[in-house]
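Basis for what follows: all heavy atoms, side chains included, without hydrogens, waters or symmetry-related copies. To find a chain, count down the sequence lines: A is the first, B the second, and so on, and within it residues start at 1.
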There are 2 protein chains.
Amino acid sequence: MTEAVARSVRQPSMADVARTAGVSAQTVSRALRDSPNVNPETRRRVLDAVDQLGYRLNNAARVLSSGRSFTIGLVLLQSGGYYSRSAVTAGVEAAAGHAGYAVNIATIAGLDTGLMERALSKLADQGVDGIIIAVPLISVTQKMEDITRDIPTVTLDGSRTAGARVLGIDQLEAGRLATQHLLDLGHRQVWHVSGPDEWIEARQRLQGWRECLAAAGIEAPPALEGDWSPDSGYRQGQIIAMIPDVTAVFAASDEMAFGIIRALRERGRSVPEDVSIVSVDDIALAAYCSPPLTTVRQDFYRSGQAAVELLLDPDGANASVVPASLSVRSSTAAPRSH
Amino acid sequence: MTEAVARSVRQPSMADVARTAGVSAQTVSRALRDSPNVNPETRRRVLDAVDQLGYRLNNAARVLSSGRSFTIGLVLLQSGGYYSRSAVTAGVEAAAGHAGYAVNIATIAGLDTGLMERALSKLADQGVDGIIIAVPLISVTQKMEDITRDIPTVTLDGSRTAGARVLGIDQLEAGRLATQHLLDLGHRQVWHVSGPDEWIEARQRLQGWRECLAAAGIEAPPALEGDWSPDSGYRQGQIIAMIPDVTAVFAASDEMAFGIIRALRERGRSVPEDVSIVSVDDIALAAYCSPPLTTVRQDFYRSGQAAVELLLDPDGANASVVPASLSVRSSTAAPRSH
DNA sequence: CGAGCCTATGTTATCGATGCCATGCGTAAC
DNA sequence: GTTACGCATGGCATCGATAACATAGGCTCG
């Protein structure tokens with residue numbers, strides 16, 4: 001006797017639900033989207049049918065017919081800043097999910113306009129309703145403008161295209177807070193290990209540092225440049241260790257700060273006794289490595305959330321700023337008196 | 001004179017391209033998907049028309065008519081392990097993008113079957129072609145089984161449902177490597193601060209530790225349990241610091257290890273002179289904090305890639321393992337001789 | 001008590017790409 | 001010189017939900 005071949009069963013559609021509930025497909029659609037004009041009794045019947053059939057709304061069909069995808073795209077940089085990337089993602093995902101949106105990720109391998117264009121294209125192809133760019137745009141191309149003109153975009157701490165809104169942590173302020181803290185402790189000079197120049201954050205922190213020193217009438221020493229990684233901090237730290245009079249360093253990220261500290265210690269300079277170090281980020285480990293870092297706290301998770309809110313708010317402001325605050329721990333101290 | 005109102009222009013469709021290129025829509029579709037039976041000259045005309053119109057394939061329509069979404073879902077846990085989460089995501093995204101797939105993220109706030117079900121439902125609703133679960137499934141519910149039966153699933157280091165393939169770093173081996181390293185240095189006893197018991201990784205590392213000690217004829221001391229965070233490491237470290245004879249500790253994660261080290265130092269126990277510490281992960285900072293950590297390296301990025309490969313390989317194995325290896329640095333040393 | 005309106009529901013067209021089948025032409029095979 | 005087959009292409013139905021419009025009762029108000 002021939003058995004019916006077990007074939008992959010077709011997923012139930014709205015029409016199936018409608019049939020089971022004894023209503024039209026349109027009514028099912030309305031009931032599922034809590035449209036106001038649906039009889040509670042009818043809605044219940046529909047929901048029962050949904051349960052019974054194990055119905056699942058077909059997203060593609062909804063997107064096609066409604067023109068909205070309920071998905072937002074997130075552009076991230078692959079390398080560097082594991083902590084911040086991860087925290088931003090979590091914040092974005094949480095806020096998006098809360099608003100009924102899914103998140104689609106596009107990672108780019110480096111700061112390159114070509115890669116950036118491809119990432120944006122990919123998201124545009126996916127039909128995202130909005131885009132959050134969490135990497136700095138070094139330069140904005142026509143293609144990027146085209147895409148961000150058609151799709152609402154929020155730039156997190158980056159430069160902007162004509163169409164994009166900008167959300168930023170106040171990096172100028174972060175640089176000032178860090179530098180001022182060192183000056184307040186009595187240091188007469190503050191060195192700086194910056195992030196890569198392509199990054200807006202890096203430039204702004206650098207500028208905050210310069211301005212703060214200028215305001216105190218101090219001429220800024222040359223800035224050293226790292227790439228956010230602990231390893232680059234280590235390399236710049238080796239250089240700093242060769243300069244005799246350094247008593248205070250402002251590092252543009254916690255990870256670099258740890259590298260700097262390691263290099264200084266290996267050369268017999270202790271932190272904070274000989275050299276004070278302050279940085280920016282306040283990653284989870286900042287309080288637990290040795291010494292616990294004095295650092296300017298950035299709330300990445302909150303930034304991610306705020307970016308989504310800014311994106312989805314139809315008449316929101318065009319720019320918004322998340323404040324930064326100083327966490328004082330043990331990597332800074334008054335300079336040793338001679 | 002009345003100006004035409006600037007209205008949101010309809011995106012060009014395949015039919016528009018077809019008209020411009022002087023062919024049928026079907027041929028456009030074939031040309032764009034490099035179907036073999038298309039005249040090169042025709043293809044060129046089509047591509048020119050695409051360029052000229054700025055045509056962009058409508059993903060929703062493609063998904064609806066083809067039944068495939070070219071999207072894979074990634075389930076992540078929101079808290080803890082920033083580094084690993086981020087690296088896994090990058091690996092998944094890279095491998096997926098390489099194969100022409102987009103990645104859709106679902107973050108869950110905690111290890112809870114309800115949240116897990118909702119995350120899977122959300123991904124299923126989005127019509128993903130496959131799912132990668134990067135959090136341990138504490139217990140598998142019917143609903144979870146249903147979803148993972150319908151959609152190919154790979155579990156990264158987690159327990160498994162009937163339908164899922166499993167990819168894991170060999171955590172048993174990681175636990176053994178770490179413990180054996182301490183025994184080889186001459187330690188007579190090794191304490192352990194584990195991860196939360198719900199995590200398979202945590203259980204396996206713990207088991208590796210127990211087995212290794214057993215093989216050496218040593219009775220394992222009670223394990224202390226943390227939650228992967230530096231803070232939990234710090235708390236367990238305070239307890240360890242009160243026990244006089246401890247000379248070696250195996251921490252289940254780098255972040256906890258840093259917390260433990262901090263607690264020990266605050267109580268006057270130096271690392272590695274008084275107490276040796278080895279952990280698991282090898283995060284970027286492991287080499288740069290003080291002391292540089294001896295740790296079992298896990299290649300999260302590679303794991304993410306491997307998960308995608310396993311997912312997309314139609315006749316791949318049902319399980320696969322990424323090896324772990326020991327990075328020896330300065331947090332471990334031979335015990336002080338009495 | 002009839003005009004007008006609000007509520008609950010049904011009907012039909014539509015979104016844009018693809019699967020399947022049909023077609024016409026050139027060429028190799030018998 | 002048919003038959004048969006491969007290649008390049010077109011036509012049409014279809015995927016599943018939704019927007020826009022249509023309709024049938026019931027209620028309010030002058």
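- The 5' end of DNA chain D is approached more closely, in terms of each residue's nearest nucleotide, by B:Gly22 than by the other of B:Gly22 and A:Pro12.
- At whole-Å resolution of the value, CG in B:Asn37 and P in C:dG26 are 17 Å apart.
- As judged by a 4.0 angstrom heavy-atom cut-off over every strand, A:Val28 is placed among residues making no nucleic acid contact.
- The shortest distance between the side-chain N/O atoms of A:Arg43 and the OP1/OP2 oxygens of C:dT9 is not below 4.0 Å.
- A salt bridge between B:Lys122 and B:Asp125 is absent, with no side-chain N of the basic residue lying under 4.0 Å from a carboxylate O of the acidic one.
- Salt bridge status for B:Arg19 with B:Asp16: present, with a side-chain N to carboxylate O gap under 4.0 Å.
- As a whole-Å value, the separation of A:Glu41 CD from C:dT9 C1' is 14 Å.
- A side-chain donor from one of B:Thr141 and B:Glu117 sits under 3.5 Å from a side-chain acceptor of the other.
- Contact annotation: A:Thr27 does not reach the phosphate of C:dT9 (side-chain N/O to OP1 or OP2, under 4.0 Å).
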request  = Carefully, step by step, assess B:Leu32 and B:Met14 under the rule side chain to side chain contact (heavy atoms under 4.5 Å, CB included).
outcome  = CA-CA 10 Å; B:Leu32 293 180; B:Met14 212 166 241; 4.0 Å; yes
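- One atom, CG of A:Leu32, and another, C1' of D:dG16, lie 13 Å apart when rounded to the nearest Å.
- Using a 4.5 Å heavy-atom threshold, the side chains of A:Arg85 and B:Thr89 count as separate.
- C:dA8 atom P lies 14 Å from atom CZ of A:Arg45, rounded to whole Å.
- Using a 4.0 Å heavy-atom criterion, one finds that B:Arg30 contacts the bases of the nucleic acid, with or without backbone contacts as well.
- For residues 47-68 of chain B, proximity to DNA chain D is found at B:Leu64, B:Ser65, defined as any non-hydrogen atom under 4.0 angstrom from a strand atom.
- Between B:Asn39 and A:Ala25, the residue anchored nearer the 5' end of DNA chain D, judged by the nucleotide with its closest heavy atom, is B:Asn39.
- Listed candidates were D:dT9, C:dT11, D:dA19. Nearest to the side chain of A:Ser24 is C:dT11.
- Environment of CZ in A:Arg118: sparse, with no more than 12 heavy atoms of neighbouring residues, nucleotides or ligands closer than 6.0 Å.
- Between the P atom of D:dC12 and the CD atom of B:Gln26 lies a distance of 13 Å, rounded to the nearest Å.
- Rounded to whole Å, the distance from CZ on B:Arg19 to P on D:dG11 is 13 Å.
- For A:Asp112, the side-chain contact (heavy atoms from CB on, under 4.5 Å) partners are A:Leu115, not counting sequence neighbours.
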